[in-house]
Amino acid sequence: MELISHQANKNPNTSIQSTPPSLSRYENQKRRDWNTFCQYLRNHRPPLSLPSCSGAHVLEFLRYLDQFGKTKVHHQNCAFFGLPNPPAPCPCPLRQAWGSLDALIGRLRAAYEENGGPPEANPFGSRAVRLYLREVRDFQAKARGVSYDKKRKRVNRQKTQTQPPLPLEQQQPHQGQSVMANFSGATV
């Protein structure tokens with residue numbers, strides 16, 4: 001006699017998930033950056049509200065972040081200024097890398113608008129912030145001996161339809177040449 005089990009179907013694919021979908025790495029980083037900036041505004045003396053925040057306050061925040069940087073940026077009077085791989089240590093400061101600052105501003109710019117800030121008043125998109133980032137990029141490039149050339153935009157040209165090459169059997173021989181001449185180097 002065969003015993004039949006009467007257990008409920010416990011298929012994990014049919015269960016309802018009660019956990020919210022996890023955020024992407026970008027979204028998590030954007031949330032952390034936004035919280036850090038808001039904390040900076042609260043700790044500012046005098047404390048600042050988000051609507052009263054300007055591009056100047058964003059620059060102040062970026063300069064504050066420099067103390068936590070990991071990129072060696074040589075002074076102009078340093079012996080290693082302009083060398084991509086200096087042969088010895090030097091007392092030049094560690095700073096935030098331009099690429100990190102640029103990505104941070106991009107995330108904060110998006111977070112500002114997601115948190116109700118009007119796009120036209122976004123302090124992260126101000127002219128002062130754009131100029132500061134350009135200056136940081138250019139100076140760090142000179143200090144490291146690396147150039148950040150502006151990439152040229154490619155012209156989107158229509159690709160012409162090309163037909164795949166014909167199999168050897170269907171190829172027409174050129175004047176005084178057989179199909180096999182391509183492989184043997186001889187003419188027939």
Side-chain angles (χ1 to χ4, degrees), residues 19-157 159:
T19 59
S22 61
L23 296 175
S24 70
R25 184 176 173 198
Y26 171 80
E27 292 295 330
N28 282 325
Q29 186 65 52
K30 184 168 57 171
R31 183 177 37 83
R32 281 193 302 271
D33 292 341
W34 181 249
N35 289 338
T36 302
F37 182 72
C38 290
Q39 182 67 41
Y40 175 79
L41 292 180
R42 284 191 295 274
N43 292 339
H44 191 273
R45 293 291 162 234
L48 291 168
S49 66
L50 197 56
S52 64
C53 179
S54 69
H57 297 110
V58 172
L59 294 181
E60 194 177 293
F61 175 67
L62 294 178
R63 290 185 186 105
Y64 159 77
L65 290 179
D66 261 345
Q67 67 182 315
F68 307 111
K70 298 175 187 171
T71 300
K72 177 77 71 170
V73 179
H74 300 287
H75 290 293
Q76 288 181 324
N77 57 357
C78 176
F80 303 131
F81 183 82
L83 295 177
N85 298 312
C90 69
C92 293
L94 294 174
R95 298 267 172 88
Q96 291 288 339
W98 165 76
S100 299
L101 293 176
D102 189 48
L104 170 69
I105 290 299
R107 290 189 300 268
L108 288 173
R109 190 174 183 175
Y112 177 85
E113 292 175 17
E114 288 174 8
N115 286 283
E120 61 277 358
N122 193 331
F124 302 101
S126 72
R127 185 173 190 273
V129 171
R130 289 194 314 272
L131 290 174
Y132 176 79
L133 287 175
R134 188 178 308 147
E135 288 172 10
V136 168
R137 181 194 67 193
D138 293 345
F139 185 78
Q140 288 186 5
K142 287 177 189 170
R144 294 178 51 224
V146 177
S147 66
Y148 289 108
D149 292 330
K150 189 171 185 177
K151 293 182 181 176
R152 294 181 183 171
K153 291 185 179 180
R154 292 186 180 186
V155 177
N156 193 7
R157 297 180 183 173
K159 292 185 179 179

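The chain is numbered in sequence order, starting from 1. Note that this is a predicted model, so its numbers are computed, not measured.
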Practice prompt. For R42 and P47, work out which heavy atoms get closest and say how close.
Written response: O-CB, 3.7 Å
Discussion item. Looking only at the side chains, is there a donor atom on one of Q29 and D33 sitting less than 3.5 Å from an acceptor on the other?
Written reply: yes
Practice prompt. Not counting sequence neighbours, which residues clear side-chain hydrogen bond (donor to acceptor under 3.5 Å, both in side chains) with Y40? List them please.
Written response: E60
Worksheet item: Taking N115 for the side chain and A111 for the main chain, is one N or O donor matched with an acceptor at less than 3.5 Å?
Response: yes
Discussion item. Counting only heavy atoms from other residues, nucleotides and ligands, does the tally under 6.0 Å from OH of Y64 exceed 12?
Written reply: no
Discussion item. Which heavy atom of A88 sits nearest to which heavy atom of F80, and what is that distance?
Written reply: O-CE1, 3.2 Å
Worksheet item: Any donor and acceptor pair, going by atom type alone, linking the side chain of Q140 with main-chain N or O of Q96 inside 3.5 Å?
Response: yes
Worksheet item: With a 6.0 Å cut-off on ring centres, are Y112 and F37 close enough?
Response: no
Worksheet item: Is any side-chain heavy atom of K72 closer than 4.5 Å to a side-chain heavy atom of C90?
Response: yes
Discussion item. Less than 4.5 Å apart, side chain to side chain, heavy atoms only: is that true for P93 and H75?
Written reply: yes
Practice prompt. For residues V58 and I105, determine if any side-chain heavy atom of one lies less than 4.5 Å from a side-chain heavy atom of the other.
Written response: yes
Discussion item. I'd like to check Q76 versus F139 (side-chain heavy atoms, cut-off strictly below 4.5 Å). Are they in contact?
Written reply: yes
Worksheet item: Will you find, in the side chains of R25 and N28, an N or O donor that is under 3.5 Å from an N or O acceptor?
Response: no
Item to complete: Measure across P123 and V129 and return the closest heavy-atom pair with its distance rounded to 0.1 Å.
Response: O-CG2, 3.5 Å
Practice prompt. Please step through side-chain contact (heavy atoms from CB on, under 4.5 Å) for the pair K142 and F81, ending with a clear verdict.
Written response: CA-CA 8 Å; K142 287 177 189 170; F81 183 82; 3.9 Å; yes
